[in-house]
Amino acid sequence: MSGVSIGEGRVTFDNVSRFYGEVLGVNRVTLAIPPGITSLVGPNGSGKTTLMNLMTGLVRPTRGEIRVLGIPPDDSEPLGRTVGYSTQFDAFPRGLTGFQVVASFLRLFGYDQTTCGRLAGAAIERLRMTDAADRKVAAYSKGMRQRIKLALAIAHDPQVLVLDEPLNGLDPLVRAETIALFRELAAQGKHVIVSSHVLHEVDQISDQVILLSNGYVVAEGQIQGVRGEIQEQPMQVLIRTNRSSALASRLFEFDHVVEARLEEGGAAVLIKTRDSGRFYRALNQLALDGIDIEGVMPVDDNVNSVYEYLIGGEGSR
Amino acid sequence: MTKLWLAQVASVMRLELKKSFFARRGLWIYLLAFGPALLYLIHAIDVTRDHEHRQALLKSHPVETSTLQLIEPRMPEEKVLALVGEPYQRDTFRFGRRQLATFTRLHYTDGDSDYSIGIVNGVVARIDRQDRCNVEKDSAIFATVFQFFYLRLAVFFGCVGIFMNLFRGEMLDKSLHFYLLAPMRREVLLAGKYFAGLFAAVVIFTLGTALQIAALSWHFEPGQVAAYMHATGWSDIASYLGVTALACAGYGSIFLAAGLVFKNPIIPATAVMLWEGINLFLPAALKKISVIYYLQALCPTVAAPESDINPLLRLLISSAEPPAAWLALTGLAVVTLIVLAVAGLRARQLEINYGTE
Ligand SMILES: Nc1ncnc2c1ncn2[C@@H]1O[C@H](COP(=O)(O)OP(=O)(O)O)[C@@H](O)[C@H]1O
Ligand SMILES: [Mg+2]
């Protein structure tokens with residue numbers, strides 16, 4: 001493994017990519033997730049579920065390596081005991097009650113019937129689902145299904161909890177209770193990895209946030225850090241030209257340009273600027289002055305647009 | 001470790017059994033399994049009615065079997081009538097120019113067999129005897145239907161329905177992750193599902209076989225049945241039930257594996273059916289890569305398809321001696337285990353792919 005600190009107590013991704021045929025799921029993800037509440041935040045289709053399926057062994061990486069507290073995800077026996085996953089898939093084995101779903105899942109662990117009953121009862125109680133436990137899951141509301149999935153994930157007391165959009169479909173009261181449960185689990189030293197497509201839904205409770213966009217991790221860290229990182233980060237632009245050194249020196253004269261660097265063996269210039277408006281005006285002028293510019297490419301506009309999306313809310317779907 | 005695996009296999013089976021017996025849109029499996037028994041039952045009712053009818057005719061037109069057997073070709077009609085009396089039915093056909101020639105059929109019965117005496121120009125021209133169904137005749141019919149319909153079609157497609165869906169069905173239902181998230185080896189999951197499917201298939205189809213045999217023997221006199229049972233009956237029945245169960249095990253493994261590889265059940269089902277169908281024509285080495293080859297060797301009566309096959313096709317049949325029973329059992333076990341091993345490897349690679357939402 002390169003780059004990442006392996007740390008036995010972490011969930012690590014080392015340069016992991018996953019493609020579905022031609023479609024990109026996630027690309028070049030390198031992460032080391034410590035215990036505590038970690039949020040995977042990104043718009044729909046950004047790769048949250050793919051990351052979660054990867055760390056629970058439901059799909060395999062096309063490239064790269066994943067370890068969950070040191071366990072490779074295709075080692076299903078130890079992994080299943082270590083991880084509890086509340087999926088975004090809403091299907092359950094047919095014809096079972098909430099209690100039977102949880103209890104029969106526990107039976108697959110090899111526990112005897114009494115133990116299964118006890119653990120299932122406790123998990124269901126913890127999600128305040130005891131009253132509905134003997135009803136068929138098929139008749140559950142969205143919120144109840146969400147809670148029975150959480151009960152399923154915590155029932156065997158796993159060290160790592162992977163929860164895909166767990167707050168979806170919960171009413172405000174239950175949502176608050178559920179968040180309290182996450183905090184409680186995190187306080188016990190567990191990994192609680194939660195996904196959401198709404199940043200403000202999770203930013204208050206998260207110890208760290210991982211921002212995803214189009215299959216890439218675009219920012220990661222503590223929430224204040226991530227916010228700052230995005231706002232203060234200068235915009236980067238790559239300009240292709242055959243007169244790169246001339247362009248670089250002319251641009252560097254502007255005070256909003258923080259950095260101008262030759263790239264691609266002199267065929268391009270990478271500019272970091274704090275003011276994109278003034279930068280583009282300056283670039284136009286230089287072009288008019290006769291510097292032949294073949295292409296202009298924003299390098300990480302991405303982060304800004306994702307962040308706008310996540311905090312803006314106006315386009316949140 | 002093994003104890004854990006066994007417990008897990010049992011847990012998977014507990015969850016799967018209900019699904020295997022009552023698969024959605026699985027009613028046709030029962031029709032395939034119990035359809036033949038129903039047809040035999042109708043046959044039995046028919047035969048019984050027929051018998052009662054003949055008994056009634058015998059009452060109104062009494063005649064001894066031994067007397068009926070005295071009728072010979074070229075005997076004049078008057079002599080026949082003097083010997084056995086009036087027939088219960090007489091059909092007369094006229095033909096030829098001006099309808100001068102006549103052909104008469106006189107029908108007699110001794111209560112069991114039907115005798116039809118053909119008279120042309122006043123003398124006996126032919127004697128046709130139609131015996132009541134007997135055990136030999138019916139067991140030959142059974143052997144043919146069993147091998148060419150029941151094994152090759154009913155059990156075959158029943159296994160497609162039951163086993164193909166073990167993984168594929170849950171992928172379609174989007175519920176497979178329930179199992180994949182448990183701390184359980186994929187091979188253990190596979191074994192649990194296979195045994196659940198096998199249990200259901202064996203119960204359904206051996207019951208189908210048993211009911212066919214029961215329906216078929218129902219119309220015989222108790223004495224006839226007892227005599228047959230005393231001869232080869234019990235071992236025949238045991239073989240048929242055993243072959244049915246082995247067919248479920250063999251085809252089950254194939255379609256369990258196919259369900260891990262293919263999305264559309266039609267493709268593997270057709271391919272396997274063609275392969276099994278041309279088995280007769282394959283060279284000996286290739287024959288062995290099949291299920292039907294071994295099953296046929298284990299059937300008590302080898303129904304010979306060769307007799308009613310086009311002589312040109314018959315030339316193509318490579319006549320390998322059917323293997324001995326123990327060899328057939330071993331061969332089938334080897335084929336099944338290899339297929340299951342391949343399925344196990346596939347199951348390890350298995351990923352959730354519910355399609356994009
Ligand atoms: N089984 C699949 N087959 C093909 N494409 C998929 C599949 N699952 C996910 N994708 C694609 O991968 C990308 C990431 O999807 P996903 O991980 O579900 O994102 P999120 O959970 O953030 O909404 C999307 O473009 C999606 O269309
Ligand atoms: Mg998702």
Side-chain angles (χ1 to χ4, degrees), chain A residues 18 20-21 23 25 44-45 49-50 52-62 71 73-96 100-113 115-116 137 149 152-153 155-156 158 162 164, chain B residues 1-26 165-167 169-193 196 263 344-357:
Chain A
R18 165 68 206 208
Y20 300 98
V23 181
N44 283 323
T49 300
T50 301
M52 292 187 151
N53 284 348
L54 282 166
M55 62 181 106
T56 51
L58 294 187
V59 303
R60 309 219 179 288
T62 312
I71 304 163
D74 47 15
D75 200 351
S76 51
E77 261 184 292
L79 189 85
R81 293 185 194 277
T82 310
V83 176
Y85 184 14
S86 164
T87 63
Q88 74 174 22
F89 317 119
D90 248 349
F92 297 90
R94 261 183 298 142
L96 300 185
Q100 287 168 335
V101 167
V102 182
S104 48
F105 183 62
L106 290 166
R107 286 289 273 192
L108 300 175
F109 285 62
Y111 301 143
D112 63 52
Q113 199 169 354
T115 313
C116 291
V137 183
K149 284 195 282 186
L152 203 53
H156 61 287
V162 182
D164 201 356
Chain B
M1 206 81 235
T2 330
K3 212 176 136 205
L4 170 66
W5 291 344
L6 289 178
Q8 290 179 323
V9 167
S11 310
V12 174
M13 283 184 71
R14 247 193 307 273
L15 278 165
E16 290 289 308
L17 271 180
K18 210 162 69 184
K19 272 191 284 182
S20 293
F21 273 110
F22 306 106
R24 256 188 300 182
R25 295 184 290 274
N165 274 332
L166 289 176
F167 282 94
E170 287 209 62
M171 199 68 98
L172 295 177
D173 277 358
K174 307 190 175 189
S175 60
L176 187 58
H177 62 274
F178 183 82
Y179 283 122
L180 300 193
L181 290 172
M184 180 165 57
R185 281 169 162 264
R186 297 282 172 88
E187 294 86 341
V188 172
L189 173 61
L190 186 93
K193 278 180 170 277
K263 282 198 170 167
L345 290 178
R346 264 308 286 200
R348 275 203 204 171
Q349 307 301 320
L350 185 65
E351 288 192 331
I352 289 297
N353 185 1
Y354 294 159
T356 33
E357 329 265 295

Contacting moiety of A:L96, where chain B heavy atoms sit under 4.5 Å: side chain

Beyond-backbone contact of B:M171 with B:L350, side-chain heavy atoms, under 4.5 angstrom: yes

Closest-packed option against chain A by number of heavy-atom pairs under 4.5 Å, given B:K19, B:R14, B:K18, B:H177: B:H177

Chain A contact via B:K3 - which portion, at a heavy-atom distance below 4.5 Å: neither

side-chain contact (heavy atoms from CB on, under 4.5 Å) against A:A91, all qualifying residues, sequence neighbours excluded: B:K174, B:S175

Atom group of A:L79 that falls short of 4.5 Å from chain B, counting heavy atoms: neither

Salt bridge (Lys or Arg N to Asp or Glu O under 4.0 Å) against A:K149, all qualifying residues, sequence neighbours excluded: A:D90

Parallel, tilted or perpendicular: ring planes of A:Y111 versus A:F109, cut at 30 and 60 degrees: parallel

Max heavy-atom pair count under 4.5 Å with chain B, selected residue of A:S76, A:G45, A:G110, A:G84: A:S76

Interchain contact, A:F92 with chain B, by part (heavy-atom threshold 4.5 Å): backbone

Engaged part of B:L181 at the chain A interface, taking heavy atoms whose separation is under 4.5 Å: both

Selection from B:A10, B:P183, B:A7, B:S11 maximising heavy-atom pairs under 4.5 Å formed with chain A: B:P183

4.5 Å side-chain heavy-atom contact, A:S104 and B:F178: yes

B:R348 atom CZ, over 12 foreign heavy atoms within 6.0 Å: no

Most contacts with chain A, counted as non-hydrogen pairs under 4.5 angstrom, among B:V188, B:I352, B:L15: B:I352

Chain A contact via B:L6 - which portion, at a heavy-atom distance below 4.5 Å: neither

Parallel, tilted or perpendicular: rings of B:Y354 and A:F89 (30°, 60°): perpendicular

Partner chain B: residue of A:T87, A:V101, A:T56 with the largest heavy-atom pair count (under 4.5 Å): A:T87

Heavy-atom check, side chain of A:R60 versus side chain of A:D74, under 4.5 Å: yes

